[in-house]
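Below, each value reflects all heavy atoms present in this structure, side chains not excepted, and no hydrogens, waters or symmetry copies.
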Amino acid sequence: MKVTVGLADRSYDVVLANGARHDLAALINERAPRATTAALVTSQGLSEQDWFDLQSGLVQHVVTVPDGEAGKSWESLGALLEQLADLELSRDDIVVGVGGGAVTDLAGFAAAVYLRGIALVNVPTTLVGQVDAAIGGKTAVNLDAGKNLAGAFHQPLGVLCDFETLATLPERERLGGLGEVAKCWLLEGGFAAELAAVSLHDLIVMSVSLKASIVAADEREGGRRALLNYGHTLAHALEKVALARSADELRHGEAVAVGLAFAARLALALGRVDATEVARHDEVLDALGLRRALPARCPTTSILDAMAHDKKAHHDLTFVLAGAEGFEVVRGVEPRVVADVLESFRGEQ
Ligand SMILES: NC(=O)c1ccc[n+]([C@@H]2O[C@H](COP(=O)([O-])OP(=O)(O)OC[C@H]3O[C@@H](n4cnc5c(N)ncnc54)[C@H](O)[C@@H]3O)[C@@H](O)[C@H]2O)c1
């Protein structure tokens, strides 16, 4: 199965299959025929997995970076760039990001800035990576002031989503990924009853197709791409409140699931949808096994404060919301309404 991200002369395919990783050499040969060296960027733990048997067809080096969010720092970026230079990668050579969104965000940023930009291929190995992070060209590291505040757009030459790599994914990471899948299913108007006939692989393909079509229409998030932030206004605020306490308290996808349930309630309160839309959201989240209750110890005032100080927001409360015309970005939502809906949402639990 292939999904094309249509970006004129920078178009590329996302290959989705068991064993897709074995296409790496052919992909590089076709898209970067002058490359002689590949740097496979990954974490130590992932490099020890049985499925880490990638063959680029070139002189290849495995370069390890710290696992997870710890890798998305200036220090890791600098160390990675120094290693690429030590390996004498040239402008014709290639970086291959192998891992979850943290690895592909870091590897992609390094590829974007090393020698002012060299080729990149992503081999995402988490559900979040396959349905979201590895596709679309956004790369980033975190700053002390917040997540993903420094980065670059740098599209890969191709993305290999190998379902076999997901076999070793911890359950919590799988559930986190399902939060983003639920977002896509809801944006596509799907119902819970239809999920019974759909496999996880089908859901990945559906999510990738949606993301590819949105990125092709709006690469730099001037308009439609913002729809992919559905559920994320509350999710980012919850992450900010919860992660200030502990790095492991809340996974991004878990926060997105709560954000989706909340967004449906906010749309209802604003008279944009009726109660059937709230029920559709709840049923889809339940069917995917996602919790939709507000996490403990996230008071409404702290959530509103986090939303108001979101560095990537537009200085007012902005949500993607369902409505008569479909989903759209709604700016300037009254904080009082958000607070009321949060309180009644909390009261449901
Ligand atoms: N660039 C984008 O468009 C975009 C989109 C969404 C998310 N992101 C970023 O992605 C990151 C989150 O990505 P994530 O959820 O993949 O988390 P992650 O990359 O931190 O991976 C989570 C954990 O799973 C492990 N892991 C990865 N693949 C595995 C496998 N196959 N088997 C066993 N363990 C495996 C990792 O080593 C890590 O410990 C965040 O930093 C987020 O900002 C970026």
Side-chain angles (χ1 to χ4, degrees), residues 1-5 10-67 71 79-81 83-112 114-115 117-131 133-135 137 139 154-169 173 201 204-205 208:
M1 178 77 201
K2 262 186 197 168
V3 174
T4 300
V5 182
R10 291 174 300 119
S11 296
Y12 56 93
D13 288 334
V14 182
V15 179
L16 301 123
N18 282 319
R21 68 191 186 282
H22 301 306
D23 287 2
L24 182 62
L27 166 63
I28 294 175
N29 188 39
E30 186 194 333
R31 297 296 315 268
R34 288 153 59 104
T36 58
T37 305
L40 274 51
V41 178
T42 192
S43 66
Q44 184 63 41
L46 296 180
S47 74
E48 291 165 5
Q49 295 286 356
D50 287 345
W51 48 255
F52 199 97
D53 53 3
L54 290 135
Q55 294 299 333
S56 62
L58 310 176
V59 175
Q60 72 180 38
H61 304 275
V62 176
V63 179
T64 58
V65 295
D67 189 50
L80 175 54
L81 292 171
Q83 281 176 283
L84 298 182
D86 288 346
L87 294 171
E88 298 185 356
L89 257 72
S90 77
R91 294 215 54 183
D92 291 331
D93 291 328
I94 191 153
V95 168
V96 182
V98 187
V103 165
T104 54
D105 271 13
L106 175 69
F109 195 11
Y114 179 72
L115 301 180
I118 69 168
L120 168 73
V121 168
N122 280 333
V123 183
T125 64
T126 61
L127 196 45
V128 169
Q130 297 197 352
V131 301
I135 304 160
T139 72
H154 189 60
Q155 298 292 347
L157 294 181
V159 180
L160 302 174
C161 294
D162 190 334
F163 300 140
E164 286 173 4
T165 64
L166 300 179
T168 53
L169 197 62
E173 302 301 338
H201 295 180
I204 296 173
V205 173
V208 168

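- Between the side chain of Asp162 and the backbone N or O of Glu164 there is at least one donor-acceptor pair closer than 3.5 Å.
- When atom types are taken as modelled, the side chain of Tyr114 and the backbone of Leu89 share a donor-acceptor pair closer than 3.5 angstrom.
- For Glu48, the side chain to side chain donor-acceptor pair (under 3.5 Å) criterion is met by Gln44, not counting sequence neighbours.
- Between the side chain of Arg34 and the main chain of Asp92, no donor-acceptor pair closer than 3.5 Å is present.
- In this structure, the side chains of Leu27 and Val15 stay at 4.5 Å or more apart for every pair of heavy atoms.
- Counting heavy atoms from C-beta on, the side chains of Gln130 and Leu166 come closer than 4.5 Å.
- Judged purely by atom type and a 3.5 angstrom limit, His154 uses its side chain to pair as donor or acceptor with the backbone of Ile118.
- The backbone N or O of Thr36 lies less than 3.5 Å from a partner atom in the side chain of Asp93, making a donor-acceptor pair.
- The shortest distance between side-chain heavy atoms of Val96 and Leu24 falls below 4.5 Å.
- Residues Leu46 and Val98 have side chains not in contact (no heavy-atom distance under 4.5 Å, counting atoms from C-beta outward).
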Evaluate side-chain contact (heavy atoms from CB on, under 4.5 Å) for Leu157 paired with Ile94, printing each intermediate quantity in order. CA-CA 10 Å; Leu157 294 181; Ile94 191 153; 4.1 Å; yes

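- Counting only heavy atoms from C-beta outward, the side chains of Thr37 and Leu58 never approach each other to under 4.5 Å.
- Between Val41 and Val103, the shortest heavy-atom contact is O-CG1, 3.4 Å.
- Using a 4.5 Å heavy-atom threshold, the side chains of Asn18 and Phe163 count as touching.
- Checked options Thr165, Thr125, Thr168; the residue passing with Trp51 is Thr168 (criterion: side-chain hydrogen bond (donor to acceptor under 3.5 Å, both in side chains)).
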